[in-house]
Visitor: 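Mind looking over this structure? Questions follow.
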Amino acid sequence: MTELLNDTQVAEALSGLPEWAQDGAKITRTVEFASFPQAIQCVNRIAEIAESENHHPDFDIRWRKVTFSLSTHSQGGITSKDVTLAEEIDGVVDALS
């Protein structure tokens, strides 16, 4: 099982993920896309990745803005799985922007 990261470990991980921020027991990032279809395309691609890894983010879609929230619910907080998925989300966002 994946262990929870302490606040120092989360801060260290986020130093390499400048678009992400800790919000309690989760990390979040909001992205504004050029269009609604582009936002949905990103969400769909990330959904495929999440399903293959059996680790699913929360999405909040508001027209062209998507907020991604990551937390390992079974552990009750942030784990290395969340950091890895954040990196993958950044890659998808970069590829679509």
Side-chain angles (χ1 to χ4, degrees):
M1 229 194 254
T2 306
E3 292 185 22
L4 287 174
L5 301 178
N6 63 40
D7 286 339
T8 302
Q9 291 169 315
V10 171
E12 183 177 311
L14 292 181
S15 71
L17 296 165
E19 303 297 327
W20 292 83
Q22 184 174 2
D23 180 13
K26 63 186 175 188
I27 57 175
T28 64
R29 177 181 182 187
T30 299
V31 179
E32 185 167 356
F33 293 91
S35 67
F36 181 72
Q38 187 181 40
I40 297 304
Q41 181 183 14
C42 182
V43 167
N44 286 337
R45 178 64 191 119
I46 292 165
E48 292 170 5
I49 294 167
E51 188 66 15
S52 72
E53 295 178 3
N54 195 31
H55 188 60
H56 304 89
D58 292 328
F59 299 104
D60 181 26
I61 304 167
R62 310 279 173 139
W63 186 41
R64 298 181 305 150
K65 283 187 181 179
V66 179
T67 298
F68 306 98
S69 297
L70 300 173
S71 180
T72 304
H73 302 293
S74 62
Q75 295 295 81
I78 303 164
T79 69
S80 61
K81 288 176 135 184
D82 302 304
V83 173
T84 299
L85 189 53
E87 292 167 345
E88 292 175 300
I89 288 170
D90 283 355
V92 172
V93 169
D94 289 348
L96 291 175
S97 297

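The analysis underlying the following values was restricted to heavy atoms, covering all of them including side chains, and did not include hydrogens, waters or symmetry mates. Quick caveat, the model's predicted, so the values are computed rather than measured.
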Visitor: If you count the non-hydrogen atoms of other residues, nucleotides and ligands that lie under 6.0 Å from CD in E12, is the total more than 12?
Guide: no

Visitor: Once you measure the plane-to-plane angle for W20 and F68, does it fall in the parallel (<30°), tilted (30-60°) or perpendicular (>60°) bin?
Guide: tilted

Visitor: Any donor and acceptor pair, going by atom type alone, linking the side chain of T84 with main-chain N or O of K81 inside 3.5 Å?
Guide: no

Visitor: Quick one: does V31's side chain get under 4.5 Å of I89's, heavy atoms only?
Guide: no

Visitor: Do we see a donor-acceptor contact under 3.5 Å between the side chains of T79 and T2?
Guide: no

Visitor: Closest approach of V10 and Q22, non-hydrogen atoms and distance?
Guide: CG1-OE1, 3.4 Å

Visitor: Taking all non-hydrogen atoms of both residues into account, name the closest pair between I78 and G24 and its distance.
Guide: CD1-O, 4.1 Å

Visitor: Evaluate the side-chain proximity of V66 to C42: yes if any heavy-atom separation is below 4.5 Å, no if none is.
Guide: no

Visitor: Please name the pair of heavy atoms, one in T8 and one in N6, separated by the smallest distance, quoted to 0.1 Å.
Guide: N-OD1, 3.0 Å

Visitor: Between I61 and F36, is any pair of side-chain heavy atoms under 4.5 Å apart?
Guide: yes

Visitor: When T67 is tested against each of D58, T30, D60 for side chain to side chain donor-acceptor pair (under 3.5 Å), which residue passes?
Guide: T30

Visitor: Could you tell me if the side chain of L5 sits less than 4.5 Å from the side chain of D82, heavy atoms only?
Guide: no

Visitor: For a quick test of reading the model, state the closest non-hydrogen atom pair linking W63 to A39 and the distance between them.
Guide: O-CB, 4.1 Å

Visitor: Establish whether L4 and L14 are linked, either directly or via other cluster members, by ILVMFWY side-chain heavy-atom contacts under 4.5 Å.
Guide: no

Visitor: So which heavy atom on H56 is nearest to which on A50, and how close?
Guide: NE2-O, 3.7 Å

Visitor: If we ignore hydrogens and angles and just use 3.5 Å, is the side chain of E19 paired with the main-chain N or O of D90 as donor and acceptor?
Guide: no

Visitor: Would V93 and F33 count as a side-chain contact (heavy atoms from CB on, under 4.5 Å) here? Give the steps.
Guide: CA-CA 9 Å; V93 169; F33 293 91; 4.3 Å; yes

Visitor: Considering all heavy atoms of both residues, which atom of H55 and which atom of L85 are nearest to each other, and what is their separation?
Guide: O-CD2, 3.5 Å

